[in-house]
Each structure stands twice: as structure tokens, then as C-alpha cells.
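The model shown is predicted, which means the values in this text are computed figures rather than measured ones.
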Amino acid sequence: MKRKELIKLGFGSREFVDLAIEGVKKAPQEGLKKAALRQRLQALSENPERFLKDPHFADLARKVAVQDRTEGRYVPRKVPATYQQWGHDIDQKAIQQMQNACRLPVAARGALMPDAHLGYGLPIGGVLATRGAVIPYAVGVDIACRMKLTVLDLPAHALDGQRDRLAKTLERETRFGIGAEFRDRRQHDVLDDDWSVSPVTQRLKDKAWKQLGTSGSGNHFVEFGELEVFPDPAADAAAVPRGPGRARGKAEAEAMTSIDLEPGRYLALLSHSGSRGTGAQVCGHYSKLAQARHRDLPKELFHLAWLDLDDEVGQEYWRAMNLMGRYAAANHAVIHRHIAKALGSKVLLDVENHHNFAWLEEHDGEQVVVHRKGATPAGLGDLGIIPGSMASPAYIVRGRGSQASLSSASHGAGRVMSRKKAKESFTWSETKKLLRERRVEVLSAGLDEVPMAYRDIDAVMAAQDDLVEPLARFFPRLVKMAPAGERPED
């Protein structure tokens with residue numbers, strides 16, 4: 001039996017897997033076949049006390065039994081943690097997922113954003129603060145999925161006059177799809193980081209290097225558009241204080257709190273993607289370890305299994321997650337650098353933020369782990385980007401530092417229907433009519449990403465005007481996404 005099979009059976013730690021493998025190697029001496037072995041190991045995982053005298057798996061059974069007694073069994077909270085909701089037209093299943101998350105014994109408080117919809121464990125648009133624990137699936141599969149906007153020194157009217165040149169640059173300098181990679185590998189300092197922080201990242205460093213500067217599939221995109229910068233009522237950056245609600249390092253504390261551009265229209269590049277295949281495998285690996293440690297969680301909470309941060313495995317995931325955050329940022333940096341270089345353009349402004357991540361922050365007088373699964377950090381003065389769809393605006397925003405939302409805002413417009421439903425409901429002919437009206441050209445995309453599958457971004461922004469302040473608006477003009485038929489990985 002392979003390690004992956006043993007992890008699926010509930011043996012999350014490396015020690016348990018090693019002990020299971022030792023027993024498996026001895027089992028053929030008694031003529032035990034694979035099916036019988038799997039059945040025995042599954043039973044041991046569920047009730048180790050029955051196997052304390054098993055000739056092959058007694059050591060494993062003792063270790064699992066000790067863990068069960070030490071960690072205790074799942075006991076739901078008598079009173080769920082509280083959460084506040086923004087927006088009204090939210091799928092009841094997403095609301096139920098938020099309520100389920102607030103039943104976790106490690107939950108401190110939550111928030112549900114106006115773009116919320118159904119996810120795995122925690123809904124997309126769900127924010128959850130926990131005490132001393134991190135939940136891999138509350139971070140998400142695409143760890144540190146990220147937005148980045150670069151304003152270039154080309155005139156805004158180049159979107160018409162140089163459209164072919166801009167389109168060819170997008171086609172040449174980007175890659176989309178599940179296995180997308182560059183034959184001539186791209187470079188970034190993130191490759192000098194310590195990739196041995198996790199066996200997953202150590203094993204997949206070469207794959208991550210091949211995929212550096214790529215965008216995957218699903219709702220990921222790279223697009224040129226026109227940025228409209230509004231007059232800023234707090235143009236003096238010093239007038240926007242940095243408030244409580246986010247634990248920051250020196251670099252982050254010195255980040256911009258306003259757009260250093262005169263009001264007007266500019267040509268800009270906007271991208272959305274995350275940590276690619278490596279991030280997905282980090283999530284999968286540590287989710288299985290978390291689930292193995294909390295095998296008694298009810299079905300509706302199984303994807304919310306957590307890892308303790310004072311535990312070696314929890315710390316290992318935390319380090320891997322942060323590495324994936326730096327890697328996702330590097331992906332965007334490479335894309336924007338190569339496109340700007342190909343165009344011979346100077347960069348006038350960079351703005352970026354990520355979601356699908358967990359941060360150590362102080363809220364309600366205590367340090368907690370804030371998971372933002374499809375939610376944007378919106379601490380007081382924080383700049384962020386909230387996109388709409390391929391034919392609706394994205395907004396550069398400044399956070400208002402709302403403690404009610406755990407200093408968070410939506411990460412986009414949010415889907416109003418499944419991908420399957422979108423494919424059944426719309427055609428490219430009707431979509432292209434809308435795209436022409438909005439002056440948008442789509443170089444590649446699937447029908448499941450048409451604008452009609454998303455909420456009205458302006459309604460979403462109105463529902464959270466107490467969370468963020470719009471500073472600029474980006475209108476897509478040239479859009480590139482994964483071609484039709486790609487499995488979504490957002």
C-alpha cells in the first residue's frame with residue numbers, strides 16, 4: 001500500500017504512516033491480501049482499542065489510541081461563535097456553511113461577505129477567526145490566490161490604437177491551464193527561499209519553478225484595461241492612519257494608503273491567480289493530516305478539520321502556506337515584469353493583495369488566526385483590488401478597518417450560479433453582443449466565466465461601503481483566461 005492510501009485511511013502523521021507500512025510489510029506472511037489489509041487498517045483508524053494485540057499493527061494501534069485520548073473527541077459548542085453578514089441575496093447553503101464553522105470549538109468569530117457562495121468547508125467569502133489553530137480548507141485549495149494591478153506609462157488610448165500589439169504581448173507572455181508551464185524557465189528570488197519547510201514544497205520545487213509566471217484556470221485571468229483614478233479626499237497619505245486589526249511587518253506597515261497618481265485615465269494591467277499546482281498539493285496534504293487528527297468530526301464539518309499551531313504539523317503547514325504566499329506574489333511579479341518589458345513600458349503604480357490565506361491578527365483583545373477564504377484584507381488604510389467579471393469593472397479600494405468584519409471585504413463580485421448552470425444557460429453569441437457593447441475583447445475563456453454568471457459588482461460594492469472606500473475603477477478591454485474545457489482550479 002502507498003503512503004497516499006494510508007493517509008486517506010486516516011493515518012495523517014508521518015509516524016503513523018511509517019508504522020502502518022511496517023505492519024503491511026509483515027502481513028503477507030499470513031497471506032493477507034490488499035483488500036483485507038485496507039479493511040483492517042480502516043477499522044483500526046476508527047477504533048484502535050480493538051487492535052492493541054494485533055500481530056502486525058499493535059504499535060500503530062497504541063499510538064493512535066494515545067492520540068485519541070490526548071486530543072479528545074469532538075464536542076460541539078453549546079453557543080456558536082458569532083458572525084455578521086453583509087449583503088442579502090446569499091445562497092442559504094453558504095450561510096449554513098458559515099453557521100457550521102461557528103460551531104467549531106476553535107472558532108472565535110466570523111464574517112460573511114456580500115459575494116459569498118458555496119465552497120468546501122468554509123464558504124467562498126467566509127472569514128473565520130480561530131484560537132491557536134489553522135484550518136487548511138478555510139485557507140483554500142488555491143493558497144494565496146492574488147490580485148495585482150500595474151499602471152503603465154502608455155496612454156489609455158493605446159487600448160484602441162495598439163490593440164493588436166497588446167493582444168500579442170498577452171498571448172506571448174502568459175500561460176493558462178492546469179499543467180501550464182514555461183519551457184524557458186523564468187526567474188525570481190522566491191526560488192532562493194527555503195523550500196524544505198515542508199516535504200510537499202521540497203518535492204515540488206522544480207514543478208513550481210516550471211510554473212512560475214503562469215495563471216492556471218478557472219476564474220484566473222490577465223487583462224489590459226482602462227483605469228479611472230478618482231480624486232482622493234485623503235490625498236495626503238499621512239491623513240490615512242494605520243489602525244489596529246492586522247499584524248504587520250515593517251514592509252507592510254510602510255505600504256501605500258493612497259494612489260500616487262493624478263485623477264484621470266490610465267492604461268493598466270490586472271491579473272488574478274495563485275500558487276498553482278504546488279499550493280493545491282500543500283492544501284490537499286495538510287487537509288488530510290488535519291482530518292486524520294479529527295476523524296470524529298461530523299460530515300458537515302469534516303472539511304473544517306484544523307491543525308494546532310503549537311504542534312509540529314501545524315507549524316509545518318503555516319510555513320508552507322507562507323511560502324506559497326510569496327510564490328503566488330512572485331507569479332504575478334513575473335507576469336507583470338515580462339509584459340512591461342516586452343512593451344518597453346515603465347511602471348507608474350503597483351497595487352496588490354491576496355485572499356485564500358490566514359493571518360495572525362489581534363481582534364477583540366486577543367491574537368487570533370484570521371482565515372479569509374475568498375475575502376480581501378481591509379484594515380484601516382489597506383489598499384486592495386476587488387474585481388467584477390470579464391465585462392464589468394474592478395475597483396481599487398482602501399480599507400476602513402471595520403472590526404465587525406474582522407477588517408475584511410469581498411474578494412470580487414461572486415458567482416450567482418454554478419459553472420455547469422452557466423454553460424447550460426448562456427451562449428457565446430449572446431455573450432459576444434454584451435462584450436461588444438462594453439468594448440471588451442476576450443482572447444480565450446470558457447463559457448462558465450461569462451459576465452452573467454456573476455453578481456453585479458456595483459451592488460456588491462454598495463453592500464460593503466462601510467468596509468472599503470473606492471479610489472479607482474478598472475474597465476477590462478483585452479481579456480485572457482484559460483481556454484474552454486480546462487478543469488477549474490480557482
Does [X] use its side chain to pair, donor to acceptor, with the backbone of [Y] at less than 3.5 Å?
{"X": "D91", "Y": "K93", "answer": "yes"}
{"X": "R163", "Y": "L159", "answer": "yes"}
{"X": "H294", "Y": "W306", "answer": "yes"}
{"X": "H363", "Y": "V368", "answer": "no"}

Can a salt bridge be assigned to the pair [X] and [Y] using a cut-off of 4.0 Å between side-chain N and carboxylate O?
{"X": "R276", "Y": "E181", "result": "no"}
{"X": "E226", "Y": "R477", "result": "yes"}
{"X": "K346", "Y": "D153", "result": "no"}

TODO: Let me see the working for H411 and I124 under side chain to side chain contact (heavy atoms under 4.5 Å, CB included), right down to the final yes or no.
DONE: CA-CA 9 Å; H411 84 313; I124 310 301; 3.7 Å; yes

Task: E262 versus Y266, closest heavy-atom pair with distance - done: O-OH, 2.7 Å

Task: Contact summary for Y327 and A208, nearest pair of heavy atoms - done: OH-O, 2.5 Å

Task: Row check, Y454 ring normal vs R415 NZ/CZ: under 6.0 Å, within 45° - done: yes

TODO: Only counting residues at least two apart or in another chain, list the ones meeting salt bridge (Lys or Arg N to Asp or Glu O under 4.0 Å) with R439.
DONE: D160

TODO: Taking salt bridge (Lys or Arg N to Asp or Glu O under 4.0 Å) as the test, write out the residues that go with R400, two or more places apart.
DONE: none

Open item on the list: Suppose we screen for side-chain hydrogen bond (donor to acceptor under 3.5 Å, both in side chains). Which residues come up paired with R109, at least two apart in sequence or across chains?
Closed with: D364

Open item on the list: Can you classify the ring geometry of H336 versus H332 as parallel (below 30°), tilted (30 to 60°) or perpendicular (above 60°)?
Closed with: tilted

Task: Close side-chain approach of R103 to N100, heavy-atom, < 4.5 Å - done: yes

